Amino acid sequence: MSRPSANFLAGLNPQQAQAVACTEGPVLVLAGAGSGKTRVITRRIAHILGKGLAQPKEVLAVTFTNKAASEMRERVAELIGRERAEGVVLSTFHSFCLRVLRTHADQIGYRRNFTIAGESDARLLLRRVTDELRTHDASYSPALFQSAISLRKNNCQGPEEVEAGPVRDATEEKYAASLAEVYERYQSALRAANSLDFDDLLVQTLRLWREHARLLAGARRQFKYVMVDEYQDTNRVQYELLRLLTGERRNLCVVGDDDQSIYGWRGADIKNILDFERDFPEATIITLDQNYRSTETILRAANSVIANNSARREKKLWSELGKGRAIDWILTADEEAEAAEAVKWIQHVREKSGAPYQDFALLYRSNIQSKPLEIAFRRAGIPYVVYGGQDFFERAEVKDIISYLKVLANPADEAAFLRVVNMPRRGIGDATLHQVHDLCREEHLPLGKALLELLKRGLAPPAAEKGIREFLGVVAEFRKRFKERQGTLQRIATDLVLAIDYRGELDRACKNAAQAINRWQNVELVLNALGEYEKTAKTPGLMEFLDESHLNSDQDRKSKAERRESAVTLMTIHSAKGLEFPFVFLMGIEDGLLPHETSLSEGTLEEERRLFYVALTRARRHLTFFEAISRVKHGKERMTKTSRFVQEIPEELLTQHARAARPMVEERVAPPQPKPKPKRRAPRKRG
């Protein structure tokens, strides 16, 4: 039994309460940094259910990370109870679309047991595709093709529409001539493998709804209310999915902040939030501008910077948390001195305030900036954790075991098949695989059947014949065991790892015993994760576990989050989105780093300014800038220039500390010159 709906408005400020209570029709909530947007979304869900406007299963709330979805569900459960909260469909876009396709993929030519191709799987397929092209260029990078194809998919463009697609830079230009053909062949390879990449989860769901009106109508009937978090990060496909799903009811509530749109490079379209009234002219627009996170000084600096963007909606964050200390701006000789100063300032602040290490975050534009910081921290004995490293499920040994499981679950998964057919080594070399690929193309066979045909026809090289029989035997045995559930999933997977002697392979491949043990422990983590999944899943299955492994890659980040309890955090500004820390050090406030040097040539300066704004608004108590007069770039020491964004902050909000004795210091720290403010975009008036 939920609480009376009136309770869900208690304790909210007037704008938050309006956003919660406005349930009918399209609603755009412009939620500034630290303005309590998650509170609004969770209260709104509770309010809708409390008033009896919908059943839990009729409410859909989507966000961009599994972590955010999980936290949101916990907060909803606190309001309406665990049982009712579990009924709400609260997930990421990709998880929601996967759920749809697992039920209806056969309507668009896929089998329901399709597998998801991760980044490395997709690149393996793209490498094979480019190798087969008559115009093959050995310097082609599958990663660049992958990026170009992903952008087209995010923009709702198929292979036949590539000519109309944008070419972002000179590097991508050389790929333009082959892009359409590579894109088409890549999609064909995915289809042959009964596999979808991450972008396809969205694209194919959109296709399903466009081609099957009955299925779209069913989805529309189910979801009476749709809510979207971080709307500024949506791409064209996600926008089209939302537009179709909300249909005639148009009960779509989107929450976001155009000033925090920082993912244009991966397909996010800021126009979705800027032009919301174009498609929903009757929309109610509510601005949340009270910040509950930062001091007045931090917000004044952030407001001053972001006001220089023209493509934005007018808003000005304010706070009741007090003025706070001015921003310290520390000028150093080079990146080593910058790192040494960061160590000193952490020690100084800890001495004065007693703050624990986890209260500190060092943010930077590029991952390469972390190296001198790590060295300095080790020397000083300061514990730290670097975010943005290799994901757990991308480690070689983890991918090997996951790929074996994928082959057992989906025999047509070509990328997984190619990864494990010779792992551990079985003498199945490239020449044999070329023969197999020829059979696949000529007779339209999946890889497994082509291998079998190679044996039947006596075409397999003698050195490979034994290995082929061994591999096909293992696959057949364990596919049968999983299908017939001859034991727990963990037990069968453990027996598989023993059967292929994977531990022995690690011992042979690793440089030393310590490395082999470390990698074996990662294999054990996969097996243990399978066991934990089996205990908690309602209907545990191998395919379902694999879905979870791909869509929920937070396991490694979770372990890092636990380590962060006693460590300083080092991360890129992009990784810091959605987080907050009492003390933020912003490293490398120089033109060429922030804004990044590519932003001027690519016309993304406003997105770089939004990135700077995001960095400023991560800080709760205090913000410190670090700048180096010279920095090593491409092996050479180069002089730097202060970030133009710093010049947009009022002088009285900055306290400068020059730690470098160079002639240019006085010139560099001179008071910023005022600049004329560009015209700002005003919200459209609704008639």
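If you're wondering where the values come from, they're calculated on a predicted model, not measured in any experiment.
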Centre-to-centre under 6.0 Å for F64 and F93, is that the case here? yes
Rounded to the nearest 0.5 Å, what separates atom [atom1] in [X] from atom [atom2] in [Y]?
X	Y	atom1	atom2	answer
L241	Q238	CG	CD	7.5 Å
I262	E606	CD1	CD	15.0 Å
N155	N235	CG	CG	8.5 Å
I306	E314	CD1	CD	11.0 Å
R73	N66	CZ	CG	11.0 Å
L623	T297	CG	OG1	10.0 Å

Residues [X] and [Y] bridged, charged N to O under 4.0 Å:
X	Y	answer
K315	D289	no
D359	R620	no
R313	E277	yes
R75	E78	no
E608	R644	no

Using the ring of each side chain (for Trp, its six-membered ring), is [X] parallel, tilted or perpendicular to [Y], with breaks at 30° and 60°?
X	Y	result
F377	Y384	perpendicular
H657	W345	perpendicular
F198	H94	perpendicular

Quick one, E338 and E341 - any side-chain contact, counting heavy atoms below 4.5 Å?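 Heavy-atom side-chain distance check fails, nothing below 4.5 Å.
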Any side-chain heavy-atom pair of V584 and I298 under 4.5 Å: no
Exactly one of D269, N272, T234, D279 clears side-chain hydrogen bond (donor to acceptor under 3.5 Å, both in side chains) with Y239, and that residue is D279
Evaluate whether atom CD of E652 has more than 12 neighbouring non-hydrogen atoms of other residues, nucleotides or ligands under 6.0 angstrom away. yes
So is R609 actually on top of F645's ring, under 6.0 Å and inside 45° of the axis?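 Negative - R609 is either too far from the ring of F645 or too far off its axis.
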Counting distance only, does the side-chain N/O of [X] pair as donor-acceptor with the main-chain N or O of [Y] below 3.5 Å?
X	Y	answer
R365	F612	no
R350	A355	yes
T332	A337	no
T640	I629	yes
D275	R278	no

Identified side-chain contact (heavy atoms from CB on, under 4.5 Å) counterpart of T42 within the set M72, K37, E74: M72
For a side-chain contact (heavy atoms from CB on, under 4.5 Å) with L594, tell me which candidate from L363, L586, V646 qualifies.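 Only match with L594 under side-chain contact (heavy atoms from CB on, under 4.5 Å): L586.
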By side-chain hydrogen bond (donor to acceptor under 3.5 Å, both in side chains), which residues pair with Q232, not counting sequence neighbours?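 Expected list: E230.
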Nearest non-hydrogen partners of V343 and A380, listed with the distance: CG1-CB, 3.6 Å
Do you know which two heavy atoms are closest between S643 and D591, and how far apart they sit? CA-OD1, 3.3 Å
Evaluate side-chain contact (heavy atoms from CB on, under 4.5 Å) for T287 paired with Q15, printing each intermediate quantity in order. CA-CA 7 Å; T287 300; Q15 291 76 25; over 6 Å; no
Check step by step if side-chain hydrogen bond (donor to acceptor under 3.5 Å, both in side chains) holds for T572 and H574. CA-CA 5 Å; T572 64; H574 282 99; 5.1 Å; no
No-hydrogen, no-angle side-chain donor-acceptor test under 3.5 Å, Q647 and T642: no
